[in-house]
Amino acid sequence: MQRYFTITQLTQEFDITTRTLRFYEAQGLVTPQRRGRQRLYTPGDRTRIKLILRGKRLGFSLAEIKEMIAMYGSAPGEAGQLRLLMQKIDARRAELLEKQRDIELTLLELDDVEAGAKKRMSELQVREDTGTP
DNA sequence: ATTCTCACA
DNA sequence: TGTGAGAA
């Protein structure tokens with residue numbers, strides 16, 4: 001006995017529109033079952049959507065997210081496939097590490113900008129107190 | 001209420 | 001990467 005989610009349940013939970021969810025389906029990122037025309041999302045579909053949204057927050061394209069989800073889901077048994085999988089994992093890790101470095105760098109730059117802004121602000125404050133035009 | 005398709009940015 | 005509109 002499986003419990004299903006309706007499209008509206010999921011859109012409300014994740015704060016997205018039904019159009020977005022159908023769009024993801026059209027792009028092949030989710031494949032809900034049908035009861036007639038109605039989409040029936042399994043708990044698995046729901047966690048896939050979670051992964052999609054997380055990938056989006058990380059700045060990945062839908063195509064990239066689709067790849068990543070495929071990696072999580074079906075680990076191929078063949079040795080050659082496993083090598084390919086590990087290769088993709090390495091590539092993905094490199095991308096994420098690069099992004100991480102970029103974020104850290106940007107954070108440091110923001111510290112600098114903020115420090116400069118605070119300094120200028122205090123200088124302005126001094127001039128106002130002094131009555132300097 | 002949910003679905004689809006076409007157009008649009 | 002999505003949204004808007006119209007029809008069913």
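The chains referred to below are lettered A, B, ... by the order of the sequence lines, with proteins before strands, and numbering in each begins at 1.
- Within the nucleic acid shown, R34(A) comes within 4.0 Å of sugar-phosphate atoms alone, with no base atom in reach, counting heavy atoms only.
- As a whole-Å value, the separation of R19(A) CZ from dA7(B) P is 14 Å.
- If you check every strand for non-hydrogen atoms under 4.0 Å, T6(A) touches nothing.
- The distance from atom CD of E25(A) to atom P of dT5(B) is 11 Å, rounded to the nearest whole Å.
- The side chain of Y24(A) contributes no N or O atom lying less than 4.0 Å from OP1 or OP2 of dT1(C).
- Separating the CZ atom of F23(A) from the C1' atom of dC8(B) is a distance of 13 Å, rounded to the nearest angstrom.
- Judged by the 6.0 Å and 45° rule, R3(A) forms a cation-pi pair with F5(A).
- The CG-C1' distance, from D15(A) to dG2(C), rounds to 15 Å in whole Å.
- The phosphate of dA1(B) has neither OP1 nor OP2 within less than 4.0 Å of any side-chain N or O from T8(A).
- When rounded to the nearest whole Å, the span between CZ of R37(A) and P of dA7(C) equals 16 Å.
- Contact of the D45(A) side chain with the Q33(A) side chain is not registered, since no non-hydrogen atoms from C-beta on lie closer than 4.5 Å.
- A salt bridge is defined here as a Lys NZ or Arg NE, NH1 or NH2 lying under 4.0 Å from an Asp or Glu carboxylate O, and E64(A) with K99(A) fails to meet this definition.
- In this structure, the side chains of L21(A) and F14(A) stay at 4.5 Å or more apart for every pair of heavy atoms.
- OP1 or OP2 of dT3(B) lies within a sub-4.0 Å distance of a side-chain N or O belonging to R22(A).
- Rounded to an integer number of Å, the gap from R39(A) CZ to dA1(B) C1' is 13 Å.
- Contact check, T18(A) against dT2(B): no side-chain N or O comes under 4.0 Å of OP1 or OP2.
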